[in-house]
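Everything quoted here is computed from the prediction, not taken from an experiment.
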Amino acid sequence: METGISEHSFPLNASFTGGNRDASLSRVLNQLSIQIRMKLKDLYMITSEIIEVDGSYVSMFSGENLGLKKGAMFEISSKDKIKTYKGKTVTLPGKSRGLIRITDVGPDGSRAKVVRKWRKVKPGHKAYELKGSPTTTDLNFTYSKDRRYEVAGRLWINPFGEFSGSINGYLGSVMDSENNMDGYFGFGTDLDYTLFSGFGAKGSISLGLPALFAWTGDDKGHNVISFFSDPSLDGNLAIQISQKRDIVLTASYVITNVHGPWQWQKDTGENDEDGNNITKTEPAVWDGYEPMIKPSGLYFSIALRKLRF
């Protein structure tokens with residue numbers, strides 16, 4: 001205001017069609033308030049300071065007075081260092097030390113849990129608010145001799161919360177009831193509950209819910225496909241090996257399974273209005289019993305996990 005110079009600016013726009021004037025105005029103002037909040041958060045991230053360390057918990061300046069809420073994430077870093085080189089003073093950034101999650105918010109101070117650290121955290125260290133919630137990704141390998149081979153990718157949402165979930169993709173092969181290995185792919189989710197966390201390790205149990213599609217050939221040479229699912233109860237142990245990487249060991253027990261019929265697409269020789277071939281679904285043809293995919297028992301897997309923040 002003193003100089004008339006604009007240091008920061010950002011565009012805003014919102015629109016809504018429908019309802020009366022008051023309803024439309026209310027919707028537009030809600031949209032604008034969300035945009036303003038996100039833009040200001042980008043420009044002015046909260047910086048605080050650790051004032052006390054008590055085991056895996058810390059206390060820090062900043063609380064309701066700065067709009068902090070339970071669950072907010074901060075990165076801990078040592079203080080910046082000021083050095084003089086050839087008569088010029090420079091400021092060097094401190095070293096990153098860990099991540100904390102706010103558990104209790106007071107009027108002007110907060111308490112937080114250290115959810116991950118790679119250097120010692122001390123009073124006087126700085127706490128920088130994270131722009132977005134951290135995520136983790138897994139590359140998982142499952143092997144069971146002559147029974148199953150699988151590679152899975154997982155994207156974990158809210159990985160440092162008590163409850164978390166993942167979006168999964170699968171590619172592998174599994175033995176059917178006729179002792180043939182059938183390929184499969186699919187998607188799914190894991191619902192995870194943290195049992196303990198500390199000393200560079202995290203233990204959890206999870207429920208795996210996959211939706212998989214297997215393919216093979218029937219006795220008439222048709223390429224057939226079938227849906228199956230084998231939900232499992234998993235025990236997980238994540239061991240921190242670096243600042244952003246873990247090794248995860250998992251034992252999975254298949255609790256039930258579902259397998260649909262084998263089917264293939266037959267070309268009818270007719271075309272639709274757009275000139276595309278019309279196909280119809282036909283059941284697979286087997287000389288004997290239809291092979292079934294019903295995985296069971298205990299499986300072990302290992303995963304490489306990477307943290308992103």
Side-chain angles (χ1 to χ4, degrees), residues 137-157 164-192 205-236 248-305:
T137 53
D138 289 0
L139 183 61
N140 187 87
F141 303 91
T142 300
Y143 169 78
S144 180
K145 186 177 181 181
D146 298 330
R147 293 173 60 196
R148 191 171 197 163
Y149 310 91
E150 180 184 273
V151 177
R154 291 181 173 87
L155 171 64
W156 288 95
I157 302 170
S164 60
S166 67
I167 301 172
N168 308 339
Y170 308 93
L171 180 65
S173 62
V174 63
M175 179 177 288
D176 61 29
S177 59
E178 298 299 309
N179 295 326
N180 295 317
M181 297 298 292
D182 303 327
Y184 67 87
F185 69 94
F187 307 93
T189 185
D190 282 3
L191 305 177
D192 190 82
I205 57 173
S206 58
L207 177 65
L209 300 171
L212 307 171
F213 299 89
W215 71 86
T216 189
D218 68 6
D219 292 331
K220 295 299 182 181
H222 304 131
N223 293 319
V224 295
I225 192 169
S226 176
F227 170 84
F228 79 98
S229 179
D230 56 340
S232 63
L233 186 63
D234 308 331
N236 313 290
V248 186
L249 306 176
T250 299
S252 303
Y253 182 78
V254 177
I255 53 180
T256 187
N257 54 68
V258 177
H259 185 211
W262 293 98
Q263 298 176 326
W264 64 288
Q265 296 296 313
K266 180 180 179 181
D267 189 349
T268 63
E270 300 178 357
N271 297 329
D272 60 16
E273 296 179 355
D274 297 326
N276 299 317
N277 292 336
I278 299 176
T279 62
K280 67 176 182 177
T281 302
E282 294 282 346
V285 180
W286 308 102
D287 294 334
Y289 292 106
E290 180 182 39
M292 300 297 292
I293 299 178
K294 293 186 175 182
S296 62
L298 190 64
Y299 294 90
F300 296 94
S301 61
I302 185 171
L304 302 177
R305 175 171 294 174

A.B. asks: Looking at every non-hydrogen atom in both residues, tell me the closest pair between Met181 and Ser173 and how far apart they are.
C.D. replies: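 Scanning both residues completely, I find the closest heavy atoms to be CE-OG, 3.6 Å.
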A.B. asks: Just by modelled atom types, is the Pro291 backbone N or O under 3.5 Å from a matching donor or acceptor in the Ser177 side chain?
C.D. replies: no
A.B. asks: Does the side chain of Asn236 pick up a donor-acceptor pair with the side chain of Ser206 at under 3.5 Å?
C.D. replies: yes
A.B. asks: For Phe187, is the CZ atom crowded, meaning more than 12 foreign heavy atoms sit under 6.0 Å from it?
C.D. replies: no
A.B. asks: More than 12 heavy atoms of other residues, nucleotides or ligands under 6.0 Å from OH of Tyr253: is that the case?
C.D. replies: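 Not buried by this count: 12 neighbours or fewer within 6.0 Å.
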A.B. asks: His259 side chain to Phe228 main-chain N or O, any donor-acceptor pair under 3.5 Å?
C.D. replies: no
A.B. asks: I'd like to know if the side chain of Asp192 and the backbone of Ser164 have a donor-acceptor N/O pair within less than 3.5 Å.
C.D. replies: no
A.B. asks: To the nearest 0.5 angstrom, please state how far the CG atom of Asp176 sits from the OG1 atom of Thr216.
C.D. replies: 6.5 Å
A.B. asks: As a quick check of understanding, evaluate side-chain contact (heavy atoms from CB on, under 4.5 Å) for Asn140 and Val248, giving each step before the final call.
C.D. replies: CA-CA 9 Å; Asn140 187 87; Val248 186; over 6 Å; no
A.B. asks: Considering non-hydrogen atoms only, spot the tightest contact between Leu298 and Arg147 and give its length.
C.D. replies: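 Reported closest heavy-atom pair: O-NH1, 4.3 Å.
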A.B. asks: Looking at CD1 of Ile293 and CE of Met175, how far apart are the two atoms once the value is rounded to the nearest 0.5 Å?
C.D. replies: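 The CD1 atom of Ile293 sits 11.5 Å away from the CE atom of Met175.
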A.B. asks: Can you see which heavy atom on Asn257 is nearest to which on Pro295, and at what distance?
C.D. replies: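 Asn257 and Pro295 have their closest heavy atoms at ND2-O, 3.3 Å.
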A.B. asks: Quick check against the 3.5 Å criterion: does Glu290 have a side-chain atom that pairs as donor or acceptor with the backbone of Pro261?
C.D. replies: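 No, the answer is negative, given that no donor and acceptor are paired below the 3.5 Å cut-off.
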A.B. asks: Considering only heavy atoms from C-beta outward, does the side chain of Glu150 approach that of Tyr299 to under 4.5 Å?
C.D. replies: no
A.B. asks: With rounding to the nearest 0.5 Å, note down the distance linking CZ in Phe227 to CZ in Phe213.
C.D. replies: 6.0 Å
A.B. asks: Under the side-chain contact (heavy atoms from CB on, under 4.5 Å) rule, what do Arg154 and Ile167 come out as? Steps first, then yes or no, please.
C.D. replies: CA-CA 6 Å; Arg154 291 181 173 87; Ile167 301 172; over 6 Å; no
A.B. asks: What distance separates Leu171 CG from Tyr149 OH, expressed to the nearest 0.5 Å?
C.D. replies: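 Here the rounded value is 14.5 Å.
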A.B. asks: Ile302 and side-chain contact (heavy atoms from CB on, under 4.5 Å): which single residue from Thr250, Leu139, Leu249 fits?
C.D. replies: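 Option passing the side-chain contact (heavy atoms from CB on, under 4.5 Å) with Ile302: Leu249.
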A.B. asks: Is the side chain of Ser166 donor-acceptor paired with the backbone N or O of Asp190 at a distance under 3.5 Å, no angle test?
C.D. replies: yes
A.B. asks: Please determine, by modelled atom types, if Ser232 and Asp230 share a side-chain donor-acceptor pair under 3.5 angstrom.
C.D. replies: no
A.B. asks: Looking at every heavy atom in both Ala214 and Tyr184, which two are closest together, and how far apart are they?
C.D. replies: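 Heavy atoms of Ala214 and Tyr184 come nearest at CA-CB, 3.8 Å.
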A.B. asks: Could you check whether any side-chain N or O of Trp264 sits under 3.5 Å from a backbone N or O of Pro283, counting only pairs where one atom can act as donor and the other as acceptor?
C.D. replies: yes
A.B. asks: Please confirm whether the backbone N or O of Asp234 pairs with a side-chain atom of Ser252, one donor and one acceptor, at under 3.5 Å?
C.D. replies: no
A.B. asks: Checking side-chain contact (heavy atoms from CB on, under 4.5 Å) for the pair Trp262/Asp218: CA distance, chi angles, key distance, verdict?
C.D. replies: CA-CA 9 Å; Trp262 293 98; Asp218 68 6; over 6 Å; no
A.B. asks: Answer with yes or no whether the side chains of Gln265 and Thr281 bring together a donor and an acceptor at under 3.5 Å.
C.D. replies: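 Side chains of Thr281 and Gln265: pair found under 3.5 Å.
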A.B. asks: I need the minimum non-hydrogen distance between Asp219 and Asp287, along with the two atoms involved.
C.D. replies: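 In this case the closest contact between Asp219 and Asp287 is OD2-N, 2.6 Å.
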A.B. asks: Hey, are Tyr170 and Asn168 close enough side-chain-wise for a donor-acceptor pair under 3.5 Å?
C.D. replies: yes
